[in-house]
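Values below: every heavy atom of this structure, side chains too, minus hydrogens, waters and symmetry copies.
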Amino acid sequence: MKRQGIDLFLDALKEYNVTNIFGNPGTSESAITNALASDKYKNFNYYLAVQEGVAMGMADGWARSSGKTAFVNLHIDSGLANGISLLINAYYGGAPLVLTAGNKDIRKLNSYRSNLVNMVKEFTKWSAEVTHVDQLPEMTMRAFKEASTPPTAPVFLSISANVFDDYTESEIVKLPYISNSINPPKDSIELLTKKILDSENPLLLIGDRVSHSKSHSEVVEFAEISGCSVYSSTTSEINFPMDHQQYFGTFPNLLSKAKEVVNNHDLIISVGSNVFDGFFYMQGQLFSNNSFHAHIDSSASAIGRNEKTDLGIISDPKSALTELNSTLNNNIDGEIKEKISIRKKVIHDKTAIISSNESKLISANFNNQPMSAYKMFSEIFKSLSDFIVIDDSVSSRSALLATNKFQPNQMHGERGGAIGWGMGATMGVKLANPNKNVIGIIGDGSAMMTVQALWTAANSNIPVIYIICNNHSYRVLKTNMQIYKKEILNDIEENNKYFAMDFEPPFNFAEIARTFGLNGYKITKPDEISKYIKKAVISNKTSVLDIDIDGSV
C-alpha cells in the first residue's frame with residue numbers, strides 16, 4: 001500500500017512510542033504541521049517553542065528525567081542554527097534525542113541549499129540527510145537506535161522537502177532490541193580487584209554515565225566495600241548520595257588543584273566519567289607514573305581520551321560494578337577488611353570536617369545584605385517536598401550544593417557550557433514528572449537567554465516554579481576572570497574591574513512573567529520567600545520568583 005512520506009514518518013514515531021514533539025516550525029515543516037492538524041495524529045503532544053533553544057532545553061530535560069529518547073523538530077538552516085548552542089549541551093551530556101530539520105527539495109540543490117548535516121555533525125553521534133522517500137524508514141530507525149544505544153547522545157536527520165510529499169510502498173523498520181548490559185572481561189576485573197586489595201588509599205571518580213546506567217546502588221556498595229574516597233567529576237546528575245560519609249564533593253577542574261587531590265592516592269578508579277576536562281590549559285598530566293588509573297565506561301572514546309589510563313574496561317557501569325563487588329567480597333580477608341575499616345574511619349573524619357566548614361560558611365553568609373545565595377537556598381527548601389530541582393544557577397551552584405544534600409534523581413544540572421538550558425529543561429522534566437514539584441533554579445543571565453520559555457509555559461499550561469538568582473550580572477564570568485588572572489596570567493594584584501559583565505538596567509523577570517498571565521513575584525527580603533513558594537505550589541500555574549541576591553565576587 002502506498003502512503004506519503006509524512007505519514008510513514010509520523011507512523012514510525014508512533015511505533016517508536018514517541019508522544020511528545022518539541023519544536024519551532026518553519027515553512028520547511030509544512031508537511032509536518034499540516035499532518036498534525038488532522039485528527040489522525042491528534043495523539044501527539046506538540047509543544048510549541050518560540051525560540052529554538054527552548055525546544056532543545058525541553059527535549060534535553062525530558063530525555064534525562066524520563067530515560068527515554070526525545071524528539072525535536074526545527075526548521076532549515078536558520079532555525080537549526082538557533083538550536084545548536086543547547087545541542088552542544090545535550091551532546092556533552094549524552095542526552096538521547098533525535099533532532100530533525102526540514103530542508104529544501106533536493107532538486108533545489110543549486111539554489112542556496114544549505115548542508116545541514118555539516119552544521120551539526122561535530123555535536124551529534126550520527127548525522128545524515130534523507131533525500132528520497134525510500135530512504136526514510138531505515139534512516140529514521142537508525143536515528144532512534146543510535147540515540148538510545150550507550151553511550152547515548154543526540155543524532156540529527158536533515159529531511160528534504162520532497163521526501164515527505166512523495167509516495168512509497170516502503171514499510172516501517174522496527175527498532176532492534178539491544179541489551180545495554182555489556183559484561184566486563186574477567187581478567188580485567190581480577191586485575192582491578194588485586195589493585196584495590198593492595199591499595200593504601202584509593203579514589204573513586206564518578207560521572208553521569210553512572211546515572212545513565214542506573215547504577216547508583218552498585219556504586220555506593222562498591223565505595224563502601226573498597227573504602228574509596230569518592231568525588232564526582234560533575235554535578236550535572238547526582239550520581240552519589242551527597243550526604244554519604246565517603247563523599248568529598250566535586251572534583252576540582254583546575255589541574256593544579258586536581259593534582260593536590262590525586263597525589264594523595266595510589267589508585268584512581270574512574271567510572272562512567274569524562275576524567276578531566278577543565279577549561280583552562282595547564283601544562284602536565286593529572287596522573288603521575290606512581291599512581292594506577294583504571295577507567296570503567298560504556299564510552300570507549302572516553303577511556304584514555306586525555307589522561308594516562310593503565311587499565312580500561314569497556315562495560316556499562318552497572319554490569320562492571322556488580323561483577324567487581326562480587327569479586328571483591330569473595331577475596332577480602334580479615335586483615336584487608338580491617339585495613340579498609342581503618343581507612344574509612346579516616347575518610348569519615350575528613351568529610352565531617354568538610355561538612356562543618358560548609359556549615360560555618362553558610363552561617364557566615366546567612367544574614368548578609370544584599371541577600372546571599374546561601375540564605376536564599378536555605379529559605380527555598382523549607383517549604384518544599386517531593387521535588388526535583390533543575391540547576392542552571394551557574395555561579396550560585398556551590399551555595400545550592402552546600403545548603404542541600406541531594407539524592408540521586410533529585411536534581412539535574414546544566415552541562416556543556418551554553419547558558420539558556422534551564423528554562424526549557426524545567427518544563428521538560430515537569431512533563432516527565434507531572435506529579436512532582438519541579439523547581440528551575442536559573443541564573444539571571446541564563447534565564448534571559450531563553451526567557452521566551454515563559455510563553456511556552458503559559459501556552460502549554462506547564463505548571464513549574466522558576467527561581468531566578470538575580471545578581472544583576474554575569475557573575476560566573478567575573479569568577480572565571482579571577483581564575484584567569486591568577487592561574488594563567490599569574491597576576492597577583494587585586495583588580496575588581498570587569499568589562500561587559502553587569503546588567504544595567506537589571507532584568508525584571510516578575511514583570512515579564514505577568515505579561516504572559518503567569519505568577520510573577522519580585523523578592524528582596526528572605527522572609528518573603530517561603531510565603532511565595534507556598535503560593536506557587538498551590539497555584540497550579542507557572543510561577544516566577546525573581547529574587548535579588550548579592551552579586552559580589
Side-chain angles (χ1 to χ4, degrees), residues 49-51 53-55 57-58 61 86 370-373 375-377 379-381 383-384 387 389-397 399-400 413-414 418-430 437-477 501-537 539-551:
V50 290
Q51 206 276 348
V54 177
M58 291 180 75
L86 291 182
M371 187 193 323
S372 72
K375 178 68 171 179
M376 174 182 68
F377 290 130
E379 293 294 326
I380 286 170
F381 292 97
S383 305
L384 284 172
F387 59 82
V389 166
I390 307 308
D391 174 26
D392 195 9
S393 58
V394 197
S395 64
S396 297
R397 176 173 289 183
L400 174 64
E414 177 272 337
I419 63 174
W421 170 80
M423 295 295 283
T426 301
M427 292 188 287
V429 172
K430 179 65 175 180
N437 293 311
V438 178
I439 318 298
I441 299 179
I442 322 290
D444 51 350
S446 189
M448 183 53 73
M449 185 68 70
T450 47
V451 72
Q452 302 92 332
L454 296 178
W455 181 89
T456 299
N459 180 63
S460 296
N461 191 27
I462 305 172
V464 298
I465 300 173
Y466 288 112
I467 307 291
I468 308 299
C469 308
N470 200 331
N471 54 38
H472 306 177
S473 66
Y474 284 132
R475 184 174 178 271
V476 67
L477 298 186
M501 298 180 193
D502 291 296
F503 302 147
E504 187 58 47
F507 309 133
N508 191 323
F509 293 95
E511 283 192 6
I512 297 172
R514 289 194 289 267
T515 66
F516 297 123
L518 304 175
N519 298 324
Y521 307 111
K522 187 66 178 175
I523 298 174
T524 58
K525 298 176 181 178
D527 57 9
E528 298 175 320
I529 293 175
S530 180
K531 174 179 68 174
Y532 288 119
I533 286 281
K534 290 175 181 176
K535 280 189 173 184
V537 168
S539 72
N540 201 34
K541 180 194 288 189
T542 287
S543 298
V544 175
L545 279 65
D546 184 1
I547 306 178
D548 283 345
I549 59 171
D550 182 17

Item to check | Minimum-distance pair of heavy atoms, taken over all atoms of S539 and A536 | outcome: OG-O, 3.0 Å
Checklist outcome for this item: Taken to the nearest 0.5 Å, the spacing of K531 NZ from K525 NZ works out to 9.5 Å
Item to check | CE on M501 to OG on S473, rounded to 0.5 Å | outcome: 9.5 Å
Item to check | Gap separating the OG1 atom of T524 from the CG atom of N470, nearest 0.5 angstrom | outcome: 11.5 Å
Item to check | Point-to-point distance, once rounded to the nearest 0.5 Å, from CG of D444 to CE of M449 | outcome: 11.5 Å
Item to check | Gap separating the CG atom of D391 from the CZ atom of R397, nearest 0.5 angstrom | outcome: 4.0 Å
Checklist entry - Are the side chains of I549 and S396 in touch, meaning some heavy atoms are under 4.5 Å apart? => result yes
Item to check | Stepwise side chain to side chain contact (heavy atoms under 4.5 Å, CB included) check, K541 with L518 | outcome: CA-CA 7 Å; K541 180 194 288 189; L518 304 175; 4.2 Å; yes
Checklist entry - Below 4.5 Å, heavy atoms only, C-beta onward: do N471 and S395 meet side chain to side chain? => result yes
Checklist entry - Do Y521 and I533 come within less than 4.5 Å of each other through their side chains, counting heavy atoms only? => result no
Next on the checklist: Name the residue from I547, V544, L545 that meets the side chain to side chain contact (heavy atoms under 4.5 Å, CB included) definition with F509.
Outcome noted: V544
Item to check | Side-chain touch K534/V537, heavy atoms, less than 4.5 angstrom | outcome: no
Checklist entry - Is there side-chain contact between P506 and E504, with heavy atoms separated by less than 4.5 Å? => result yes
Item to check | I523 backbone acceptor or donor facing D546 side chain under 3.5 Å | outcome: no
Item to check | Beyond-backbone contact of V54 with M427, side-chain heavy atoms, under 4.5 angstrom | outcome: yes
Checklist entry - Given side chains that start at C-beta, do those of D392 and I441 come closer than 4.5 Å, heavy atoms only? => result no
Checklist entry - Taking all non-hydrogen atoms of both residues, which atom of V394 and which atom of S446 are closest, and how far apart? => result CG2-CB, 4.4 Å
Checklist entry - What is the minimum heavy-atom distance between A447 and I468, and which atoms define it? => result CB-CD1, 3.9 Å
Next on the checklist: Could you go through V438 and F387, starting from their C-alpha distance and side-chain angles, then the distance that decides it, and tell me whether this counts as side chain to side chain contact (heavy atoms under 4.5 Å, CB included)?
Outcome noted: CA-CA 6 Å; V438 178; F387 59 82; over 6 Å; no
Checklist entry - So, the side chain of Y466 versus the backbone of I439: is there a donor-acceptor pair under 3.5 Å, distance only? => result no
Checklist entry - Is R475 close to D502 at the side-chain level, that is, under 4.5 Å between some pair of heavy atoms? => result no
Checklist entry - Rounded to the nearest 0.5 Å, how far apart are CE of M376 and CD1 of I529? => result 7.0 Å
Only pairs under 3.5 Å count here: list side-chain donor-acceptor contacts from residues 450-465, not counting sequence neighbours, and write none if there are none.
{"from": "T450", "atom 1": "OG1", "to": "G420", "atom 2": "O", "distance (Å)": "2.7"}
{"from": "T456", "atom 1": "OG1", "to": "L48", "atom 2": "O", "distance (Å)": "3.0"}

Checklist entry - When you check the gap from the basic side-chain N to the acidic O, do D548 and K522 get nearer than 4.0 Å? => result yes
